[in-house]
Amino acid sequence: MPIECDYNCKVPYCRNLRKHQNRQVCSRCKCDCDGNNIEVKLSRKRGKRKQQKPLGSRTAKKKARNLITEQNTEDASWLEDKVIRSLQRLVEAFGFSESTVRNLPSEYSRENDEEIKKNKPKLYSTMTQALLKVLNTSANILYPAAPAELLDDIGAKLVPERRNKTHEKIGKSFSNIIALLYEKLPKASIEKRVVRAVLVKCLTNKEIEELKRRGRLTLWGKAKQMGYNDFKTLNLGNLLQNANIKRQFIDEDVVEAMVRHILSEDNIGILSWGGKNVWLDHAESVELPNFIRRKSLGMGKVI
């Protein structure tokens, strides 16, 4: 039975005879039982495909080595082209405007001048804006979903480090100045008490001990607690007052009443002649008149 074919395909007939009612039809132009469309099969060339001869072991290894070498060369050239090593590469990578490039400091100034911020503030501001654009662009590339969050985290990591160094420098100067004032001011003065209150409240125990160790501060006994008490008084808006210290072992009212009774007119009389000089201390004296007792068992005695 001849094979039914329209294009002289020279291919075997389809083996699915039941579908084609026991007819031998061309498997290329008359049948799609193999799952391929007839139009697609007709667009192919007729005849068998040439099978590629297997490579020998030496040829295969040489070809693999050449392929790896070519890939490494391409990767190296790509990296060399992509690494930013100069300002021109930075401009090309982030697309700075001509005005930005024109307003940047010179290469010599950027490499040698550490006072650009002070001497050339406008040029320094241009560098700041350029760096800000670099950070924004990089954040949008690395984390397109939330670049602002990434920038916030980077800022939080960079700022405290600089801030801590500045605070440490300022703290050392402040502690030295406050300790110097405390040592120089007069003892028990209001000014010294104010400085002591600020010292114990603002400085840590570690800093106070360090000043003591270096001989810059003497703060012993209850002085620290007194400093805290003075700070509380100042914090309430009150003024510090000098403490009146009195050391006595008798009642002044009792002594005064006794003296008044002894010197009353009923007990003594003042003579019109003579007197007595009584020294109160090495620089002060009082002249007292002569007294005579009015009440006595014997003759009156001049005192």
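- Partner of V25 under the side chain to side chain contact (heavy atoms under 4.5 Å, CB included) criterion, chosen from R23, R28, Q21: R23.
- Using modelled atom types, one side-chain atom of K41 and one backbone atom of S27 make a donor-acceptor pair closer than 3.5 Å.
- Of all heavy-atom pairs spanning L280 and V286, the tightest one is CD1-CG2, 3.6 Å.
- The shortest side-chain heavy-atom distance between D6 and C26 does not fall under the 4.5 Å cut-off.
- Clustering ILVMFWY residues whenever any of their side-chain heavy atoms sit less than 4.5 angstrom apart, transitively, puts V198 in the very cluster that holds I177.
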_Check against side chain to side chain contact (heavy atoms under 4.5 Å, CB included), I270 and F291_ = CA-CA 5 Å; I270 301 174; F291 298 99; 3.7 Å; yes
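- Taken together through direct or relayed side-chain contacts under 4.5 Å among Ile, Leu, Val, Met, Phe, Trp and Tyr, Y124 and V134 form part of one hydrophobic cluster.
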_Trace of the side chain to side chain contact (heavy atoms under 4.5 Å, CB included) decision for T100 with T126_ = CA-CA 7 Å; T100 300; T126 304; 4.1 Å; yes
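- Between N290 atom CG and I268 atom CD1 the span is 11.0 Å, to the nearest 0.5 Å.
- Side-chain N/O atoms of R15 and Y13 include a donor and acceptor closer than 3.5 Å.
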*asked:* Working note: I262 + N267, criterion side chain to side chain contact (heavy atoms under 4.5 Å, CB included); need CA distance, chi angles, decisive distance, verdict.
replied: CA-CA 6 Å; I262 294 172; N267 297 322; 5.6 Å; no
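- Note on V255: it clusters hydrophobically with L263, by side-chain heavy-atom contacts below 4.5 Å among ILVMFWY residues.
- Atoms CG and CG, from D230 and L240 in turn, are 5.0 Å apart once rounded to the nearest 0.5 Å.
- Proximity of Q129 to L132: side-chain heavy atoms (C-beta onward) are separated by under 4.5 Å at one or more points.
- With hydrogens and angles disregarded, no donor-acceptor distance shorter than 3.5 Å links the side chain of S138 to the backbone of L135.
- Two residues are said to be in side-chain contact when any heavy atoms from C-beta on lie closer than 4.5 Å; M127 and I116 meet this criterion.
- The two atoms that bring F231 and A197 nearest to each other are N-CB, 3.7 Å, heavy atoms only.
- Residues E284 and W279 have side chains not in contact (no heavy-atom distance under 4.5 Å, counting atoms from C-beta outward).
- Among the candidates E252, M258, R260, the single residue satisfying the side chain to side chain contact (heavy atoms under 4.5 Å, CB included) test with E256 is R260.
- Within a 6.0 Å sphere centred on CD of E111, heavy atoms belonging to other residues, nucleotides or ligands number more than 12.
- Atoms CG and CD1, from D32 and I38 in turn, are 5.0 Å apart once rounded to the nearest 0.5 Å.
- The CG atom of L199 sits 9.5 Å away from atom CD of E207, with the distance rounded to the nearest 0.5 Å.
- Contact between T233 and L239 at its shortest, heavy atoms only, is CG2-O, 4.2 Å.
- Of the possible donor and acceptor atoms, none in the side chain of N37 sits under 3.5 Å from a partner among the backbone N and O of V40.
- Interatomic distance, K30 NZ to C9 SG, rounded to the nearest 0.5 Å: 10.0 Å.
- Shown here for L123 and P105, the closest heavy-atom pair between the two residues is CB-CG, 3.6 Å.
- N136 is not listed as a side-chain neighbour of P147, based on a closest heavy-atom distance of 4.5 Å or more.
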*Apply the test side chain to side chain contact (heavy atoms under 4.5 Å, CB included) to residues E149 and D153: give CA-CA distance (whole Å), side-chain angles for both, the deciding distance (0.1 Å), then the verdict.*
CA-CA 6 Å; E149 182 178 356; D153 292 341; 4.2 Å; yes
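- Looking at K192 and R196, their side chains never come closer than 4.5 Å, going by heavy atoms from C-beta outward.
- Within the 3.5 Å criterion, the main-chain N or O of P121 finds no donor-acceptor partner in the side chain of S125.
- Two residues are said to be in side-chain contact when any heavy atoms from C-beta on lie closer than 4.5 Å; L142 and L150 meet this criterion.
- There is no path of hydrophobic side-chain contacts, each under 4.5 Å, that joins V194 to Y228.
- Atom CD of residue Q24 and atom SG of residue C5 lie 12.5 Å apart, to the nearest 0.5 angstrom.
- When all heavy atoms of G227 and V200 are compared, the closest pair comes out as C-CG2, 3.7 Å.
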